[in-house]
Amino acid sequence: MRMSKLVGRRIKEDPKDAKTVSHKYLIRGGYIRPVSTGIYSLLPIGKKIIQKIEKIIREEMDAIDGQEVLMPVVLPAELWEESGRYKSVGPELLRFKDRNEKAMLLGMTHEEAVVHLTRTEITSYKQLPVMLYQIQTKYRDEARPRAGLIRVREFTMKDAYSFHTSQECLEKYYEKAHAAYERIFKRLGMRNVVSIQSNSGMMGGKVSHEFMAVADCGEDTIFLSSKYKANREIAYAAWKYEKSAPLHLEKVHTPGHKTIEEVAGFLGMKAENTGKAVFYQDENKRLIFAMIRGDFEVNETKLKNHLRVNELNFANDAMIKAAGAEPGYASPLALDATKIKIVVDNSIAGSSNLIVGANEADWHYKNFNFERDMPAGVEVTDIACVREGDPCPITGEPLQLKKGIEVGNIFQLGTKYSAAMSCTYLNNEGKSMPMIMGCYGIGVGRSMASVIEQSYDDYGPVWPISIAPYQVQICAINPDKPGVTEAAEALYNDLSKLGIEVLFDDRGEKPGSMFSDADLIGIPFRFIISPKTLEKMQIEFKRRGVKESVMMDAQGIACKIKELVDKEMQLYV
RNA sequence: CGGGGUAUAGCGCAGUUUGGCUAGCGCGUCUGCCUUGGGAGCAGAAGGUCGCAGGUUCAAAUCCUGCUACCCCGACCA
């Protein structure tokens, strides 16, 4: 490709809106252009990268016996009504009507579509297991797109679905998919991707993993140790609590002190000597009373999972009072746990002599002890958020807090969709059984952005050769001087004939602007031809991301470059 | 959905407070000359519904009302 013809201008200054590295460089380098909030066009070099990412994904999906299909972006609402998700999924599902007033939607994920396909094509256990995948545009009406390609509304995703006759078979395949994902991210050149246990959320199912590209701009919080990896939603720690002899329960006047800090400060205690009351209401307007030690935060995901509810909102004061508690001074004391759902964190049960509310304005109690003072019928479990430095549940070492970009995820779905949508097969006894499913996603555009987040310098992205828009760049300095254009053209032709992807900067720009542009395009190998180098019958070789360059003899250089490229490519096979 | 911000040439901005000549500047683009190792120089040129719609006024980029789009923080989120 000749740079003089390449569409997509480079921009010298950072776009004012872009905050993250990948967003800045994708815009500045001419990879993407915004069209609307969270909706982007891909320019030629951006598209090239995406194609290479997709190729790697295809190879690995095919390697675990995947079969590629393509399902529609636009789907009839009926299909989603079958699974129940037409109602259960919120406004991020874009719903609309066609000219006949038929309810339609834009697919944000394709479980329904793939089940529709599978239930008619697969009818016998002899056809199973099977895995179908596609690389398709998806649409989610995100509340707040951000950070360029990290969170968008329209995006390309590889989604795969496997179908099995047994949980064992699913689990075995799940491991294969997990391994395939590790290969994919390695081949994409991501330096730091961790697979973590995660909460399966609206997808249903039990076991799931998220693949997180560790990056400061990541939206998700993850906790890591040498042996443990989990996201904030499900992470737990080996918390240790200290018991001491229970002291006499004592009512204390705490006028106007409602928050943990205020109460603890007023009484000269620490937050960990207090009990915190948090009230929620679930989707059925049921009041939930969560209690946790004052130095912890309630993890709503854990609480939801414990209660088996989908939605939790903070309860209003009227509801709290109606239950007999006093906002700001609430505790389980004297409440009837058979009427209110009370969930108590282990930290409360494990601690002694806590300060808790008296369920009376301006009063607290000192020396609350779980065994003695907690009403009967409460549920005790772990509903705490892990904090940085909490002890790892496996090794005991302090957990590290990191930010991650979710680039992929895998779920053991089970029969949630197949049962709801009659996706069944006949087993060897002639009995109709729902297929057991797994699903496996990778965000393609998000992966491109994530590679930048993990591989860049002050001048632009440093692409791994496996997904770089071109493998080699030729820069011709002073092309009007005798021999330069000829030499550059010759090298361009020779490399092209050898099957190497070359971007040839034939524009005759000043060296400074040429190098700056080259840095923004981030091609791993750069060869510079100028009157200076040709004087010595040499060509300069510079590796993207490395300061020093080396001179190489022009004679026979094409074959040497081919070797370099092949060797580098081998790193990503 | 809550809070904040922005909208003037392809990009980045000034001008708006205090209404007033033909709406400017830098970068980029085009032409010519010159120049060529980290974004040169000279000369010339093109490029604007000042986000949209109303209103006030002799006069609106500027004041008023409504709307829209985009960005940031939060809520939300396979």
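Because only heavy atoms are used, hydrogens play no part in the values below, and waters and symmetry mates are left out as well, while side chains stay in. Reminder, nothing fancy here: chain letters follow the sequence lines and each chain counts from 1.
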| note | Paired with His110(A), the side-chain contact (heavy atoms from CB on, under 4.5 Å) test is passed by just one of Met157(A), Lys138(A), His116(A), namely Lys138(A)

| task | In whole angstrom, give me the gap between the P atoms of C1(B) and G12(B). | result | 28 Å

| message | Any strand counts, and the cut-off is 3.5 Å on both contacts for Watson-Crick or G-U wobble. Which nucleotide pairs with G2(B)? | response | C73(B)

| task | Keeping the roles fixed (side chain from Ser162(A), backbone from Met131(A)), state whether a donor-acceptor pair exists under 3.5 Å. | result | no

| salt bridge (Lys or Arg N to Asp or Glu O under 4.0 Å) with Glu112(A): which of Arg119(A), Lys416(A), Arg85(A)? | Arg85(A)

| said: Quick check on side-chain contact (heavy atoms from CB on, under 4.5 Å): which of Ile529(A), Asp553(A), Ile528(A) does Ile539(A) satisfy it with? | reply: Ile529(A)

| said: Other residues, nucleotides and ligands only: do more than 12 of their heavy atoms fall within 6.0 Å of CD on Gln167(A)? | reply: yes

| remark: pair_partner(G54(B)), Watson-Crick or wobble, both distances < 3.5 Å, evaluates to C64(B)

| said: Using the C1' atom as the point on both nucleotides, what is the distance between U68(B) and G54(B), in whole Å? | reply: 14 Å

| query | On a whole-Å scale, what distance lies between the C1' atoms belonging to U65(B) and A23(B)? | reply | 25 Å

| Rounding to the closest angstrom, what is the interatomic distance between C58(B) and C71(B) at atom P? | 41 Å

| request: Using both distances under 3.5 Å as the test, list the Watson-Crick or G-U wobble partner of U35(B), or none. | output: none

| said: Rounding to an integer number of Å, can you tell me how far Met108(A) CE sits from C76(B) P? | reply: 16 Å

| query | Do Tyr228(A) and Phe223(A) have their ring centres less than 6.0 Å from each other? | reply | no

| request: If G44(B) has a Watson-Crick or G-U wobble mate with both distances under 3.5 Å, name it; if not, just say none. | output: C30(B)

| Atom CD of Glu210(A) and atom P of A78(B): how far apart are they, to the nearest Å? | 10 Å

| query | In whole Å, what separates the C1' atom of U49(B) from that of C34(B)? | reply | 40 Å

| task | If a protein heavy atom is under 4.0 Å from the base, mark B; if only from the sugar-phosphate, S; if neither, -; do that for nucleotides 34-40 of chain B going 5' to 3'. | result | -BBBBBB

| query | Rounded to the nearest Å, what distance is computed from the CD atom of residue Glu112(A) to the P atom of nucleotide A78(B)? | reply | 14 Å

| How close or far is atom C1' of A78(B) from atom NZ of Lys416(A), stated in whole angstroms? | 11 Å

| For atom NZ of Lys158(A) and atom C1' of A78(B), their distance in whole Å | 12 Å

| query | Roughly how far apart, to the nearest Å, are A61(B) and C72(B) at atom C1'? | reply | 25 Å

| said: Between U17(B) and G10(B), how many Å separate the two C1' atoms, rounded to a whole number? | reply: 30 Å

| query | Nearest-Å distance, CE (Met437(A)) to C1' (A78(B))? | reply | 13 Å

| said: Nearest whole Å is fine: how far is A78(B) C1' from Leu93(A) CG? | reply: 13 Å

| Nearest to the side chain of Thr109(A), which nucleotide is it out of C77(B), A78(B), G10(B)? | A78(B)

What pairs of donor and acceptor atoms, side-chain ones from residues 468-485 of chain A against any protein atom, are under 3.5 angstrom apart with sequence neighbours left out?
residue	atom	partner	partner atom	Å
Gln471(A)	OE1	Glu501(A)	N	3.0
Thr485(A)	OG1	Pro479(A)	O	2.7

If you restrict it to nitrogen or oxygen atoms, what contacts under 3.5 Å exist between nucleotides 67-74 of chain B and the protein, and what is each distance?
residue	atom	partner	partner atom	Å
C70(B)	OP1	Ser36(A)	OG	2.7
C70(B)	OP1	Thr37(A)	N	3.1
C70(B)	OP1	Thr37(A)	OG1	2.9
C70(B)	OP2	Thr37(A)	OG1	3.4
C70(B)	O5'	Thr37(A)	OG1	2.9
C71(B)	OP2	Thr37(A)	OG1	2.9
C73(B)	OP2	Arg144(A)	NH1	3.1
C73(B)	OP2	Arg144(A)	NH2	2.8
G74(B)	N7	Arg144(A)	NE	3.3

| message | Please name the nucleotide paired to U17(B) by Watson-Crick or G-U wobble geometry with both distances under 3.5 Å, or report none. | response | none

| query | What integer number of Å spans the C1' atoms of U16(B) and G24(B)? | reply | 14 Å

| Looking at Phe411(A), Tyr174(A), Tyr181(A), which one forms a ring-ring contact (aromatic ring centres under 6.0 Å, His included) with His209(A)? | Tyr174(A)

| said: What is the separation between atom CG on Asp220(A) and atom P on C77(B), rounded to the nearest whole Å? | reply: 12 Å

| query | Knowing that exactly one of Ile49(A), Ile135(A), Ile442(A) qualifies, which makes a side-chain contact (heavy atoms from CB on, under 4.5 Å) with Glu54(A)? | reply | Ile135(A)

| message | Using 0.5 Å steps for rounding, measure from the CD1 atom of Ile27(A) to the OH atom of Tyr40(A). | response | 5.5 Å

| field | Whether Asp505(A) side chain and Arg507(A) backbone form a donor-acceptor pair below 3.5 Å | value | yes

